[in-house]
A.B. asks: 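Next up is a structure, given as structure tokens.
Counting convention: from 1, in listed order, for ligands and their atoms alike. Note that these values count all heavy atoms, side chains included, but never hydrogens, waters or copies made by symmetry.
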Amino acid sequence: MASYDYDLFVIGAGSGGVRASRMAAKYGAKAAIAEEYRVGGTCVIRGCVPKKLLVYASHFGEAFEDAAGYGWDVPEPSFSWEKLIANKDKEIDRLNGIYIRNLKNSGVEIIEDRAVLKDAHTVHLVNEGRDVTADKILIAVGAWPFTPDFPGAEHVISSNEAFHLKELPKHITVAGGGYIAVEFAGIFNGLGAETTLMYRGPKILRGFDEDLRDTLQDEMIKKGIKVLTNTTIAEVNKCKNGRLEVVMQDGDSYETDCVMFATGRRPKVDGLGLENTGVKLNAKGAIAVDEYSKTNVDNIYAVGDVTDRANLTPVAIREGAAFAETVFNNTPLVVDHSIIPTAVFSQPEIGTVGMTEQEAREKYGPDGITIFKSTFKPMLHTLSGRDERTLMKLVVEKETDKVLGVHMIGPYSGEMVQTVGIAVTMGATKAQFDATIAVHPTAAEELVTMKEPYLAPVARAED
Ligand code: NDP
């Protein structure tokens, strides 16, 4: 039997790779993990975690205003971007340290280098200039922001750079209409930047429930974000005054201080040496894997965003754990990607799990589902006077009474969806929701007190 330097070599120390290597080591594998940048990956270093900190920061702008209705006399607040970024960086350094410590404590060797596949069992470490061999290889290198090519594309940034801007732009343009675009538009607007969101389609957050899309777009506009739909950026030019000129598809133009693209992320497969192993990509350019995260090469696996299944940290973690269970603990485990609770930290926040009304209508027919819906002013905003609506919605299968989907937009929706996600994952029925005693006074109690069907679902034009 061939002998290798390692039982497992993981490329990429992000959420999926770290979980897989730690668990494999726990099960007795000699494991190493290579990371070319910083241990923690996108989520910890330049994604979910720093983003959430900036979201928290941006909420204070409204909170100071809202405080007046509750009797507080708040002097004119001032904000320091520099201080926020420095504090955020300190926290990211701390988390990075914890990740490194956890890996070491689990017995995983950390190799700070770029790893390139030389063949199915050999990895070349670029800076160290040496090769190592491994029985199993796990690719967990994630994804990278994608920016379309257009004249002046070199002047725009992605979310990677947004976390390190020297100063808060006075005016910013965010291109895209997905998770990152709506979250960052809310952050910049909340911190006081004049914000324009530019989306190529008619309505942001394609793929989400229509009611969430409508409500968020309306609320963002009410908060002062300029939402331009059905248009894209054709050109960006550097002006003499240091600002940027944005030229839109229709020829209209305006000046802005910063343009951030959030137009999706692509699996980071370039330069990995996949061609030396025969590992195949799928039609979307992601590493093709089976239900056990195995590629077409028997000893090479891949998890997380590089496989482009559901590009979310907890999914990558689950895939990494299932890989370790399957390969190093003799317990074959398949990750169920069918029901994934998720939050969008937009303002207001979104929490969603299960089928949208549109998906359910397609699957069960217009008469096969019942919709329950509640829109209201959250109690928080009775005294604050803020004109912001909360929406909660249940999609229920008529025949089985099963709750197929729960969709919420409003304060704490991201927190609520974690718990209601348990019920939906368990296949709870509407009757079981109704039998649950309400928690009062909360917004969440609406989930168990919606008695009357909203209306028979009517066909709406998809966009
Ligand atoms: P998304 O795929 O969510 O959105 C991409 C957006 O860019 C869409 O609105 C898309 O439009 C638009 N777009 C794509 N290509 C072009 C183009 N050539 N020109 C103009 N617009 C374009 O990607 P994000 O970058 O927002 O986020 C990446 C992933 O990261 C998400 O899918 C999500 O899984 C994850 N994420 C999760 C978060 C969370 O859980 N809270 C937070 C942030 C990211 P269209 O809809 O028309 O295709």
A.B. asks: Does Gly304 offer a backbone N or O that forms a donor-acceptor pair with the side chain of Thr307 under 3.5 Å?
C.D. replies: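 Side chain of Thr307 to backbone of Gly304: a pair is present.
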A.B. asks: Heavy atom to atom 46 (O) of ligand 1, shortest distance: which of Phe261, Tyr199, Tyr179 holds it?
C.D. replies: Tyr199
A.B. asks: Measure centre to centre between the rings of Phe64 and Phe79, then say whether the value is under 6.0 Å.
C.D. replies: no
A.B. asks: When you check the gap from the basic side-chain N to the acidic O, do Glu91 and Lys88 get nearer than 4.0 Å?
C.D. replies: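 Between Lys88 and Glu91 there is no salt bridge, as every charged N stays at least 4.0 Å from the carboxylate O atoms.
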A.B. asks: Nearest heavy atom to atom 19 (N) of ligand 1: which of Met198, Arg266, Arg200 does it belong to?
C.D. replies: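 Going through Met198, Arg266, Arg200 one by one, Arg200 has the nearest heavy atom to atom 19 (N) of ligand 1.
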A.B. asks: Is Arg46 close enough and on-axis enough to Phe163, meaning under 6.0 Å and within 45°, for cation-pi?
C.D. replies: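 Relative to the ring axis of Phe163, which defines the angle, Arg46 lies outside at least one limit.
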A.B. asks: Please identify which atoms of ligand 1 are closer than 4.0 Å to at least one heavy atom of Gly177.
C.D. replies: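 By the 4.0 Å cutoff, the relevant atoms are 6 (C), 8 (C), 9 (O).
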A.B. asks: Under the criterion side-chain contact (heavy atoms from CB on, under 4.5 Å), which of Asn230, Asp214, Leu216 is the partner of Lys203?
C.D. replies: Asp214
A.B. asks: Need the ligand 1 atom indices (1-based, order shown) with element for anything under 4.0 Å from a heavy-atom of Ala343.
C.D. replies: 39 (C), 40 (O), 41 (N)
A.B. asks: Can you pull out the closest protein heavy atom to atom 42 (C) of ligand 1? Residue, atom name and distance to 0.1 Å, please.
C.D. replies: Glu183 OE1, 3.2 Å
A.B. asks: Mind checking side-chain contact (heavy atoms from CB on, under 4.5 Å) for Glu349 and listing every partner two or more places apart, or none if nothing turns up?
C.D. replies: Phe345
A.B. asks: Would the distance check show the side chain of Asn96 and the main-chain N or O of Arg38 forming a donor-acceptor pair, the cut-off being under 3.5 Å?
C.D. replies: no
A.B. asks: Name the option, out of Leu205, Ile180, Thr263, that contains the heavy atom nearest to atom 43 (C) of ligand 1.
C.D. replies: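 Closest candidate by heavy-atom distance is Ile180.
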A.B. asks: N/O to N/O below 3.5 Å, does that happen between Gly264 and ligand 1?
C.D. replies: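 Gly264 vs ligand 1: N/O contact under 3.5 Å present.
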A.B. asks: With sequence neighbours left out, what residues match Phe433 under ring pair (Phe, Tyr, Trp, His ring centres under 6.0 Å)?
C.D. replies: none
A.B. asks: If you measure every N or O of Thr232 against every N or O of ligand 1, does any of those distances drop under 3.5 Å?
C.D. replies: no
A.B. asks: Quick check on contacts: which atoms of ligand 1 are under 4.0 angstrom from a heavy atom of Ala262?
C.D. replies: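 Those atoms are 5 (C), 6 (C), 7 (O), 25 (O).
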A.B. asks: What about Arg265: any of its N or O atoms under 3.5 Å from an N or O on ligand 1?
C.D. replies: no
A.B. asks: Could you tell me, atom by atom, which parts of ligand 1 come under 4.0 Å of a heavy atom of Lys51?
C.D. replies: 41 (N), 42 (C)
A.B. asks: With a 4.0 Å cut-off on N to O distance, would you call Asp66 and Arg386 a salt bridge?
C.D. replies: yes
A.B. asks: In terms of atom number and element, which parts of ligand 1 are under 4.0 angstrom from non-hydrogen atoms of Leu312?
C.D. replies: 34 (O), 37 (C), 40 (O)
A.B. asks: What atoms in ligand 1 come closer than 4.0 Å to a heavy atom of Arg206?
C.D. replies: 45 (P), 46 (O), 47 (O), 48 (O)
A.B. asks: Taking distance alone, with N or O pairs closer than 3.5 Å, would you say Gly178 contacts ligand 1?
C.D. replies: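 Right, the criterion is met.
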